[in-house]
2 protein chains.
Amino acid sequence: MGVNLKDIAQRAGVSLATVSNVVNGYRPVGERTRQRVQQAIDELGYSPNLGARHLRRGRTGLIALAVPELTNPYFAELAEIAIAEAAALGYTLVMENTAADREAELALLDGSRQRIIDGLILSPVRIGREEVLARTAGSPLVLIGEGVYDVPHDHIAIDNVAASHAAIRHLVAIGRRRIAFIGATPGGDRQSAHLRVRGYREALAAAGLPYRPRLVAGTDAFGRLDGMRAMRDLLALGDPPDAVFGYNDMVAIGALRALAEADHRVPEDVAVVGIDDIEEGRFTAPTLTTIAPDKREIGRLAVRRLIARIEGAEVAGPLTVQTPFRLLRRESTGTPDA
Amino acid sequence: MGVNLKDIAQRAGVSLATVSNVVNGYRPVGERTRQRVQQAIDELGYSPNLGARHLRRGRTGLIALAVPELTNPYFAELAEIAIAEAAALGYTLVMENTAADREAELALLDGSRQRIIDGLILSPVRIGREEVLARTAGSPLVLIGEGVYDVPHDHIAIDNVAASHAAIRHLVAIGRRRIAFIGATPGGDRQSAHLRVRGYREALAAAGLPYRPRLVAGTDAFGRLDGMRAMRDLLALGDPPDAVFGYNDMVAIGALRALAEADHRVPEDVAVVGIDDIEEGRFTAPTLTTIAPDKREIGRLAVRRLIARIEGAEVAGPLTVQTPFRLLRRESTGTPDA
DNA sequence: GCGCGGCTCTATAACGTTATACAGGTGATG
DNA sequence: CATCACCTGTATAACGTTATAGAGCCGCGC
């Protein structure tokens, strides 16, 4: 269909190999020949067939970012950063949606797709250490977010326990005593949920507050609807909480909605904190206090490290990086930052 | 690196071609041989090299969906639908982010990427008819959303003018008279903005209401921040509006925020309507009345039509499809649906 | 007994690219 | 003058797959 090297070679009256050398500069070409070839390329509008190049070189220049939900703004924001970083390094990043599905994660991990991408950045939620260790595909893998430890791959995440500490400390500092958590998964396998609950419990203990199991609400998933339902249940308790900490911003925003519907004032009656710092939280009424991971750092680091591995750089062993986070005080805890 | 056809052939003691036939069923294979081959495949964990298959077949099984902003939930929701539909038809859909950048749209239109994907679904915002006509790439193209007409490609969109009519009629029906529009682009090139403004003006005229240019607020982009700023400006007018219609839900949500900050009641003082029906609008306080395009229909239709073209189906001429939409009444106009 | 069609399977030529080995020519060096 | 190094350019073998042509075998009908 398209114009290929042979067409150019004929047009310019040189060999195939010479055209290839002009295109990718693997070997020097005389100035006059180069110009003739270049002219032919311009005239015929040649662009290399990436499939064939891939076949020959063993690289596609494609990397993938696989996330559990495209519709979670956290991942969309992360993706935009990662795409830009990949482009700056000469790679194309494609998005994959695992839909939080175990089969999809496994397929990505060592499945057929691997054959067309040079490397994978994966945010796993349904698979664990064993599955990652069992992987056979040879291409580099970088894990982001929580869920899998002690595997021979780079891993980038925030310290979830510490993040919870920061959120709870803030709520305690503004005088809250009955602090709920929304987004635990009782029998679930989302590792980050367990870690965030752990941080929540530790921080309560450190503040000398009792741990009340009834204030820890489980959810099926981690969307706004889940947060709203859980908050309704909490409000139905005889003695409702005076603050809630959500597994993420979407859950927290769902909680805000339930509170508004029940005519509870935020933050006067109930203070709310989330995690992720999605843009949406800056426009809710009230605006949402949140733990803000450094998305730029996570996105850029994941891409850079993956590409370093692809290009065979001898980065010392698999590295686990904990990226920084900040507490952003907004209206939902009554004490907005400057 | 990976296991290939030759490895399987050796292991099973058959020829390369036979393995290929077992894998893709191009020609019948005897039952006993098939089993031996299948066993070898399972044991060695073979999966075909997509690059090589592409080179040979001329197809990759990859299609792309290019949108102006990954972080706009409308596109994220659309993408999830399209990904599922593509998967059901045996294709893999990858997301591309044009970042509303003209160069990015052009590069996608007939650039090098085309060589690795079988077809493209594009939501153009910075390019027009000429650019699309000038495209040289041979792979099928489906356009979604507004912006380009009279080109030899399938085009799927809602009727923006009619959508505006519906929104304005609703606002008029609940007694509003000073209706503003947020998200016009005065000198801009976003076609859908022009169309939505046109529908707004026509509907005002049909209702016997005057057109007041000061109530039409331009924005640089179409995010929450833009909506918030524009709303602030409108409120600063001597005679502020009693209703606003946003270019999309994100703009409308920004307007909601500005109204909350200024202590205006919604919908009592100002009613608000958006377009897109993003999930976020079901959780704002108040919930957002919106024009809901049939995202499922748009996403599925775009994918199905693209794949039909790729597979050479003789679909009659390029087709322009207008997909249906509905008005969803929620709290921001005071009259929630059942 | 021989030709013929049908059924399995095999050998092999592409697809478009890049890397390797090599050929021809030129100028410098021993 | 022969040798060597060097510089340009060429021919060609991969990469892993699929489609085509054809080889071998069996049974059937004349």
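In what follows, every chain begins at residue 1, and chains take the letters A, B, ... in the order their sequences are listed. Keep in mind that what you see is a predicted model, and the values were worked out from it rather than measured.
- Contact record, A:A64 with A:I117: CB-CD1, 3.6 Å, taken as the closest heavy-atom pair.
- Counting heavy atoms from C-beta on, the side chains of A:S139 and A:I310 never come closer than 4.5 Å.
- Place B:A52 and B:R32 on DNA chain C by their nearest nucleotides, and B:R32 ends up nearer the 5' end.
- Side-chain N/O atoms of A:N24 include one lying less than 4.0 angstrom from OP1 or OP2 on C:dT18.
- A salt bridge links B:R309 to B:D154: one of the charged nitrogens lies within less than 4.0 Å of a carboxylate oxygen.
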What's the verdict on side-chain hydrogen bond (donor to acceptor under 3.5 Å, both in side chains) for B:T60 and B:D118, showing C-alpha distance, side-chain angles and the deciding distance? CA-CA 6 Å; B:T60 50; B:D118 293 341; 3.0 Å; yes
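- The CG atom of A:L50 sits 15 Å away from the C1' atom of C:dC15 (whole-angstrom rounding).
- For DNA chain C, the residues of residues 10-18 of chain B within the heavy-atom distance limit of 4.0 Å (strictly under) are B:V14, B:S15, B:A17, B:T18, sorted by number.
- Place B:R34 and B:R57 on DNA chain C by their nearest nucleotides, and B:R34 ends up nearer the 5' end.
- Residue contacts shown for B:V29 are limited to sugar-phosphate atoms, with no base heavy atom under 4.0 Å away.
- Side-chain to base pairing of B:R56 with D:dA19: no donor and acceptor N or O lie closer than 3.5 Å to each other.
- Spacing between atom CG of B:N49 and atom P of D:dA14 amounts to 18 Å, rounded to whole angstrom units.
- Between B:N21 atom CG and D:dT17 atom C1' the separation is 12 Å, expressed in whole Å.
- Note: CG (B:N4) to P (D:dT18) measures 12 Å, nearest angstrom.
- B:R59 places its CZ atom 10 Å from the P atom of D:dA19, with the value rounded to the nearest Å.
- Each of B:I144, B:L141, B:V142 was checked for a side chain to side chain contact (heavy atoms under 4.5 Å, CB included) with B:L122, and the lone residue meeting it is B:L141.
- When distances are taken from the side chain of B:L55 to each of D:dT17, C:dC15, D:dT8, the shortest belongs to C:dC15.
- At least one side-chain nitrogen or oxygen of B:R53 sits closer than 4.0 Å to the OP1 or OP2 atom of D:dT18.
- Between A:L5 atom CG and D:dC15 atom P there is a gap of 19 Å when expressed in whole angstrom units.
- A:Q35 has its CD atom 16 Å from the C1' atom of D:dT8, to the nearest Å.
- Interatomic distance, B:N49 CG to B:L5 CG, rounded to the nearest 0.5 Å: 9.5 Å.
- Between B:Y26 atom OH and D:dG16 atom C1' the separation is 18 Å, expressed in whole Å.
- Panel note: side chain B:R36, backbone B:A12; a donor-acceptor pair is recorded below 3.5 Å.
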